[in-house]
Enquirer: 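Please find one structure pasted underneath; my questions will follow.
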Amino acid sequence: MQQDPERLERMSGMLKRRGIILPAFEIHGGAKGLYDFGPVGGRLRNRVNQTWIDHWLALGNIVELSCPTVTPYAVLEASGHVGEFSDFMTVCTKCEEASRADTLLESFHANPDALSQSELQHLLFDSNPPCPNCNEQAWSEVTAQNLMFNTTIGAGSSGRPGFLRPETAQGMFTSFPALLRHNRDRLPFGAIQVGKGYRNEISPRQGMIRLREFNMAELEYFFNPHEDQQHDFDSWSEVELSLVPDEGDETRMTIQSALDASIVRHETVAYFMVQTYDFLVKVGIDPKRLRFRQHEADEMAHYASDCWDAEILGSYGWIECVGIAHRGCFDLESHEKATGKTLRARREFSEPKVIEIDGWTMNGATAGPAFRALAGAVKQSVESLAADATFPCMVTLENGEKVEVLSEHVKRVQRTETISGEWYIPHVVEPAFGIDRIIWHVLDHAYDDTAKDGDAYTVLRLSDDVAPVNYCVFPLFEKEGMGELARTLHKKLSATSGVVSIYDSSGSIGRRYARADEIGVPRCLTVDHQSVKDQTVTVRDRDTGEQHRVHIDDLI
RNA sequence: GCGAGCGUAGUGUAGUGGUUAUCACCCCACGUUGCCAACGUGGGAACCCGGGUUCGAGUCCCGGCGCUCGCACCA
């Protein structure tokens, strides 16, 4: 699985030493699955997030949201997370040992993993297996041990249960009415959100790959499934993607060919695949170590109907870093069912539908008193009669009972209805990005520790879009005015919005370049004797080592 | 969660129950050096946490926490 563990160790050491990624709360012994982005990493994370936001806002019909991480129980119950994200636990009342209910019941059921909480409860009480710890047969009620972090919203008896969100998506679904209004009822549009998500993983592993608190960035793209989405793939006509379809082997082809061959089944999914490709390459992922893998039907999450992961090859093998899921109407429909609120958009038919209604309905004023409790059923039956029915007549009700309906009980209905459109539940394609995993691979792909002049030398070849430090300012020596000029330049750069500069006067110039290279500073500015005379500095490029002189005023 | 291995300066490491805890890189100051990890002098910095055994524990034992790997779990 691991490729070159020694390189991984060197890199992890560097990331820690230089303040990019380090274990959180380390002086207290650390905490599994929690990491700090340090003084360099914090800025890196921010720039990746900002690049991500800018990438999607550029589409023109995307809005940015920020929803709470603390989420009421009901929201995640409606979304399916309470049910799907749980392990069901029971506790031995004699020895207090907790066990997974489905594991205890393995010899009593073919697939206990698939049972609901109440089914597990019944089966547990019926079969009453012995405790693996103390052999007693005295189990507590089955409780959901959720992989979400529990919390209580509010104090004391007024507190109600909630969770830290396992994904940012639900807030965007529950905000759908506001989103639709903001877009003046026109689809398609998208909502994006970057933020923290939480999953109380049983066993966090592989450093940044599986975390308990993680940075995610999700886009929910809402569209009308009755319309072609008309995505323009011309910009990607030359881009060959590596695709691993659910059937067959990995292939390389353009997104248009994949659509034509029905390997990618949905245009909007395809569109976000290529957009995702562009984003990942922009932040520095090596396109040769990027592929898209289609989910098998049985590994699809509970909400998805087609799903492609962007997988990136790094020190831990191929790791899924982005999931692009066609979620259909699942989420909006779930929240609709749970709340009774309308989460729909209106569409007009190209041709209004004209419906001729010719038949009968009940005359409530007479039939109501006549049939009393049966009136509802009578109405239903009368409205199903043909237009040429005559009265009085015997009508068979839903429950099998027959009643006689007189002409005074009914009214003729004849009208023409024009239906110009309908309310429908939009469909959603969701690209969900694991920012930490992406940052890990950005670092992994940028980390270059091959030799320079025979000695080990480390360069972080980060893209300009995400490099955490833009400039290092070096006075050749801190004398003859060079130190003062360099400090002035450093302050001027630092005061510029979006620019981070480091001042470094310690050690030889070569050592300072090396320090800058290690954290991926794209350009170093050196102040020398000539600078004091004519206000020019040398700009040294990280990747080529080339230098040229630039006037200070032309730098920003 | 189970099993195995591991935990020493910022990083990588040495360390036979008794050392001022080794070495290198590193970091800081001063000097020197006039553009790619130079040099000199001086300085800085560590035994994961808590118990136990012992006259004495970095070293042995127990527990916790953390890391790595395998199994399990997991989008």
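All values derive from a computational prediction rather than experimental measurement. Just so it is clear: chains get the letters A, B, ... in the order the sequence lines come, proteins before strands, and each one is counted from 1.
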Enquirer: Hydrogens and angles aside, do A/Tyr503 and A/Ser494 bring a side-chain donor and acceptor to less than 3.5 Å of each other?
Expert: no

Enquirer: Relative to the 5' end of RNA chain B, which residue comes earlier, A/Met14 or A/Gly545, by the nucleotide with the nearest heavy atom?
Expert: A/Met14

Enquirer: Is the A/Tyr316 ring parallel, tilted or perpendicular to the A/Trp440 ring (thresholds 30°, 60°)?
Expert: tilted

Enquirer: Mind calculating the distance between NZ (A/Lys32) and C1' (B/C74) to the nearest angstrom?
Expert: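 So the two atoms are 14 Å apart, to the nearest Å.
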
Enquirer: Using a 4.0 Å heavy-atom cut-off, does A/Ala456 contact any base of the nucleic acid, only the sugar-phosphate backbone, or nothing at all?
Expert: base

Enquirer: Given atom CG of A/Leu147 and atom C1' of B/A72, what is their separation to the nearest angstrom?
Expert: 14 Å

Enquirer: Which is true for A/Gly507 with a 4.0 Å heavy-atom rule: it touches a base, it touches only sugar-phosphate, or it touches nothing?
Expert: nothing

Enquirer: Do A/Ser315 and A/Asp444 have side-chain N/O donor and acceptor atoms under 3.5 Å apart?
Expert: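 Indeed, the side chains of A/Ser315 and A/Asp444 share at least one donor-acceptor pair under 3.5 Å.
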
Enquirer: Can you tell me how far C1' in B/A21 sits from the matching atom in B/G52, rounded to whole Å?
Expert: 24 Å

Enquirer: In terms of ring plane angle, is the pair A/Phe222 and A/Phe176 parallel, tilted or perpendicular, where the classes change at 30° and 60°?
Expert: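 Tilted: the ring planes of A/Phe222 and A/Phe176 meet at 30° to 60°.
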
Enquirer: Any base atoms under 4.0 Å from A/Phe474, or only sugar-phosphate, or nothing? Heavy atoms, all strands.
Expert: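 No contact.
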
Enquirer: Look at the side chain of A/Leu476 and decide which nucleotide, out of B/C73, B/C35, B/C36, has an atom nearest to it.
Expert: B/C35

Enquirer: Would you say a side-chain N or O of A/Ser508 is under 4.0 Å from OP1 or OP2 of B/A38?
Expert: yes

Enquirer: Over all heavy atoms of both residues, which pair between A/Lys282 and A/Thr51 is shortest? Give the atoms and the distance, please.
Expert: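 Heavy-atom minimum between the residues: CD-CG2, 3.7 Å.
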
Enquirer: With no angle test and no hydrogens, is the base of B/C36 tied to the side chain of A/Arg512 by a donor-acceptor pair under 3.5 Å?
Expert: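 In this structure, the two groups form no donor-acceptor pair.
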
Enquirer: Between B/C49 atom C1' and A/His28 atom NE2, what is the distance in whole Å?
Expert: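 A/His28 atom NE2 is separated from B/C49 atom C1' by 12 Å.
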
Enquirer: Once rounded to the nearest 0.5 Å, what's the spacing between atom CH2 of A/Trp318 and atom CG of A/Leu290?
Expert: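 If we round to the nearest 0.5 Å, A/Trp318:CH2 and A/Leu290:CG are 7.0 Å apart.
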
Enquirer: To the nearest angstrom, how far is A/Asn200 atom CG from B/A75 atom P?
Expert: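 After rounding, the reported distance stands at 14 Å.
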
Enquirer: Apply salt bridge (charged side-chain N to carboxylate O under 4.0 Å, His left out) to A/Arg540 and A/Asp517, showing your working.
Expert: CA-CA 11 Å; A/Arg540 176 262 195 186; A/Asp517 286 343; 2.8 Å; yes

Enquirer: Tell me the interatomic distance from A/Arg17, atom CZ, to B/G10, atom P, rounded to whole angstroms.
Expert: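 For the pair A/Arg17 CZ and B/G10 P, the rounded distance is 13 Å.
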
Enquirer: Measure the SG-CD distance between A/Cys67 and A/Gln170 for me, rounded to the nearest 0.5 Å.
Expert: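 CD of A/Gln170 is found 10.5 Å from SG of A/Cys67.
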
Enquirer: Classify the nucleic acid contact of A/Arg18 as base, sugar-phosphate or nothing, counting any heavy atom under 4.0 Å across all strands shown.
Expert: nothing

Enquirer: Out of B/A75, B/C36, B/C73, which has the shortest distance to the side chain of A/Arg199?
Expert: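 It is B/A75.
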
Enquirer: Taking a pair as Watson-Crick (N1 to N3 plus N6-O4 or O6-N4) or G-U wobble (N1-O2 and O6-N3), both under 3.5 Å, which stems of 3 or more consecutive pairs involve RNA chain B?
Expert: B:1-7 with B:65-71, B:10-12 with B:23-25, B:26-31 with B:39-44, B:48-52 with B:60-64

Enquirer: Which residues in residues 436-447 of chain A have a heavy atom closer than 4.0 Å to any atom of RNA chain B?
Expert: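 Contacting residues: none.
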
Enquirer: Give a yes or no on whether A/Asp249 atom CG has more than 12 heavy-atom contacts from other residues, nucleotides or ligands under 6.0 Å away.
Expert: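 No, the 6.0 Å shell around CG holds no more than 12 heavy atoms from other groups.
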
Enquirer: If I pick the C1' atom on B/C27 and the same atom on B/U11, what distance separates them, to the nearest angstrom?
Expert: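 That atom pair is separated by 12 Å.
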
Enquirer: Would you mind classifying the nucleic acid contact of A/Glu26 as base, sugar-phosphate or nothing, using non-hydrogen atoms under 4.0 angstrom?
Expert: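 Touches nothing.
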
Enquirer: Out of B/C74, B/A75, B/C36, which nucleotide sits closest to the side chain of A/Tyr457?
Expert: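 My answer, after comparing the listed nucleotides, is B/C36.
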
Enquirer: Roughly how many Å apart are B/U59 and B/G18, using the P atom of each and rounding to a whole number?
Expert: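 11 Å, rounded to whole Å.
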
Enquirer: Closest-nucleotide mapping onto RNA chain B: is A/Glu518 or A/Arg212 further toward the 5' terminus? I mean the 5' end.
Expert: A/Glu518

Enquirer: Take atom C1' in B/C62 and the same atom in B/A29, then report the distance between them in whole Å.
Expert: 47 Å

Enquirer: Nearest whole angstrom, please: distance from the P of B/C26 to the CZ of A/Arg515.
Expert: 9 Å

Enquirer: Using modelled atom types and a 3.5 Å cut-off, is there a donor and acceptor pairing between side-chain atoms of A/Glu220 and backbone atoms of A/Phe173?
Expert: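 No.
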
Enquirer: Quick one: A/Asp504 CG to B/A29 C1', roughly how many Å, whole number?
Expert: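 A/Asp504 atom CG is separated from B/A29 atom C1' by 15 Å.
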
Enquirer: When you check the side-chain N and O atoms of A/Asp541 and A/Thr544, is any donor under 3.5 Å from an acceptor?
Expert: yes

Enquirer: In whole Å, measure the gap between the P atoms of B/G5 and B/G51 for me.
Expert: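 It comes out at 26 Å once rounded to the nearest Å.
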
Enquirer: Determine the Euclidean distance between corresponding C1' atoms of B/G15 and B/C47; express it in Å to zero decimal places.
Expert: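 The same atom, C1', in both gives a distance of 11 Å.
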
Enquirer: When we call it a touch if two heavy atoms are under 4.0 Å apart, what does A/Glu480 touch: a base, just sugar-phosphate, or nothing?
Expert: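 It contacts base atoms.
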
Enquirer: Measure NZ/A/Lys16 against P/B/G66 and give the value in whole Å, please.
Expert: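 Going from NZ in A/Lys16 over to P in B/G66 covers 14 Å.
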
Enquirer: For B/G7 versus B/U16, give the span between their P atoms, rounded off to a whole number of Å.
Expert: 12 Å

Enquirer: Quick one: is B/C27 close enough that its OP1 or OP2 comes under 4.0 Å of any side-chain N or O from A/Ser506?
Expert: no

Enquirer: Around atom NZ of A/Lys196, are there more than 12 heavy atoms of other residues, nucleotides or ligands at under 6.0 Å?
Expert: yes

Enquirer: Does OP1 or OP2 of B/C27 have a side-chain N or O of A/Arg511 closer than 4.0 Å?
Expert: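 For B/C27, OP1 or OP2 has a side-chain N or O of A/Arg511 closer than 4.0 Å.
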
Enquirer: Output the single nucleotide from B/A75, B/C35, B/G10 whose closest atom is nearest the side chain of A/Arg293.
Expert: B/A75

Enquirer: Quote, to the nearest angstrom, the P distance that separates B/C26 from B/C61.
Expert: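 The same atom, P, in both gives a distance of 37 Å.
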
